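Here is the structure we will look at.
Quick caveat: nothing in here was measured; it's all calculated off a predicted structure. Numbered from 1 within each chain, the chains take letters A, B, ... in sequence-line order.
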There are 2 protein chains.
Amino acid sequence: MPRDEQALKATVEQSAAVLTAAGFPRMPARVLMALLVAEAGGLTASELGDRLGVSAAAISGAVRYLSQIGILHRVPQPGSRRDRWEFLDDAWYTALMAKSPVYGVIADLGDRAADAIGDESDIGAARAREMARFYRFIDARMPDLMREWEELREG
Amino acid sequence: MPRDEQALKATVEQSAAVLTAAGFPRMPARVLMALLVAEAGGLTASELGDRLGVSAAAISGAVRYLSQIGILHRVPQPGSRRDRWEFLDDAWYTALMAKSPVYGVIADLGDRAADAIGDESDIGAARAREMARFYRFIDARMPDLMREWEELREG
DNA sequence: CGCCCGATTCACAAATTTGTGAATCTTCTG
DNA sequence: CAGAAGATTCACAAATTTGTGAATCGGGCG
């Protein structure tokens, strides 16, 4: 079956839209999905700009964002400033799911709210404590989940 | 220890800000956290408006959103149209984490992208398939995780 | 039945986000 | 070391998002 560029482009955009709906910034999402389906060796900034129909400036901002959060990395091309951008292959979804410290942060805020209420018998305090416990639980289990995935993937 | 309204309010806002950073709409996030720490029986719309310092219209939109995604429910007050809003107590974080069909959707899009590429030996197709597998894995494990939490919580 | 209080909706204004073009900077090539 | 191609940055413009005020709707009470 031949490569269906049109369907591929549509799917890239739809996937990016899902990420965007989940709070992911728009342009980084589009770049991310474009690179996901890219051929070996990644793409250059200008190739990305062409495929997505956006300016070089937009690409620059997006790849900076993505490399900061550890999803991409730049692959310098010897003897050229046309660097290519690539996935940190198996790292990106784990980064997306687990590396974020956000669960721990929310847990701490839950405890802080309960402290501010002061009375542990207060239902609000109880809910806040439970929120804290829940997110600590998630925070703790996430690494296990990722390990399980690794095993599944390799085995 | 007495209730520290000021610290509580600050924590509510900070927690809402974290949710917002994770892509959750701003006003619903604030309402959500305000109700989390509220006393038994929930709050009325106007109480919410007062505590958050926003208009009735903003509250109306936020509670509509939250009840649509199944985090709140309205508790009609017999003989009054001043309904109260409450948590669906233990359901809210599971709703936040698991009930969303988003993992399945992303998985499907990954497969569709691989199909559009057509050649399974293509590295882009391989990555798309792996994305699909990963999110299906998450989708499948999430209910288990929630069950584990329930047991931990009760036991 | 008619008044009143509160919730909801809608059009608009404010604020934030997003992407562009032009200028600037960097580094490879001759 | 000068020229050039590409990347990056910055100020601004367009587009979205967010929340308000005013008008509307609707149920409860006299």
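Listed candidates were C:dA7, C:dT9, C:dG6. Nearest to the side chain of B:Arg64 is C:dT9. Taking every side-chain heavy atom of B:Ser46 into account, C:dA7 is the closest of C:dT8, C:dA7, D:dA7.
In this structure, B:Ile59 atom CD1 and C:dT9 atom P are separated by 14 Å, rounded to whole Å. What separates CZ of B:Arg74 from P of C:dG6 is a distance of 15 Å, to the nearest Å. To the nearest angstrom, C1' of D:dA7 lies 14 Å from CD of A:Gln77. Protein atom CG of B:Asp83 is 13 Å distant from nucleotide atom C1' of C:dC5, rounded to whole Å. Rounded to an integer number of Å, the gap from A:Leu48 CG to D:dT8 P is 12 Å. Following rounding to the nearest Å, B:Arg82 (CZ) and C:dT8 (P) show an atom-to-atom distance of 14 Å.
Taking the charged nitrogens against the carboxylate oxygens, B:Arg84 and B:Glu86 have no contact shorter than 4.0 Å, which rules out a salt bridge. Using a 4.0 Å cut-off between charged nitrogen and carboxylate oxygen, B:Glu130 and B:Arg133 do not count as a salt-bridge pair. Here A:Arg147 pairs with A:Asp144 in a salt bridge; the nearest charged N to carboxylate O distance falls below 4.0 Å. The pair A:Asp111-A:Arg129 counts as a salt bridge, with a side-chain nitrogen and a carboxylate oxygen less than 4.0 angstrom apart.
Within 4.0 Å of A:Ala56, counting heavy atoms only, lies at least one base atom of the nucleic acid.
Between atom CG of residue B:Leu66 and atom CG of residue B:Leu35 there is a gap of 8.0 Å, rounded to the nearest 0.5 Å. Atom CG of B:Leu109 and atom CD of A:Gln14 lie 6.0 Å apart (nearest 0.5 Å).
Using a 4.5 Å heavy-atom cutoff, the side chains of A:Val31 and A:Tyr65 are not in contact.
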All N/O pairs under 3.5 Å across the protein-nucleotides 16-19 of chain D interface:
| unit_1 | atom_1 | unit_2 | atom_2 | d |
| --- | --- | --- | --- | --- |
| D:dG19 | OP1 | B:Arg26 | NE | 2.8 |

Using a cut-off of under 3.5 Å, enumerate the N/O to N/O pairs linking the protein to nucleotides 22-24 of chain D.
none

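When atom types are taken as modelled, the side chain of A:Arg127 and the backbone of B:Ala38 share a donor-acceptor pair closer than 3.5 angstrom.
At most 12 non-hydrogen atoms from other residues, nucleotides or ligands lie less than 6.0 angstrom from CD of A:Gln6.
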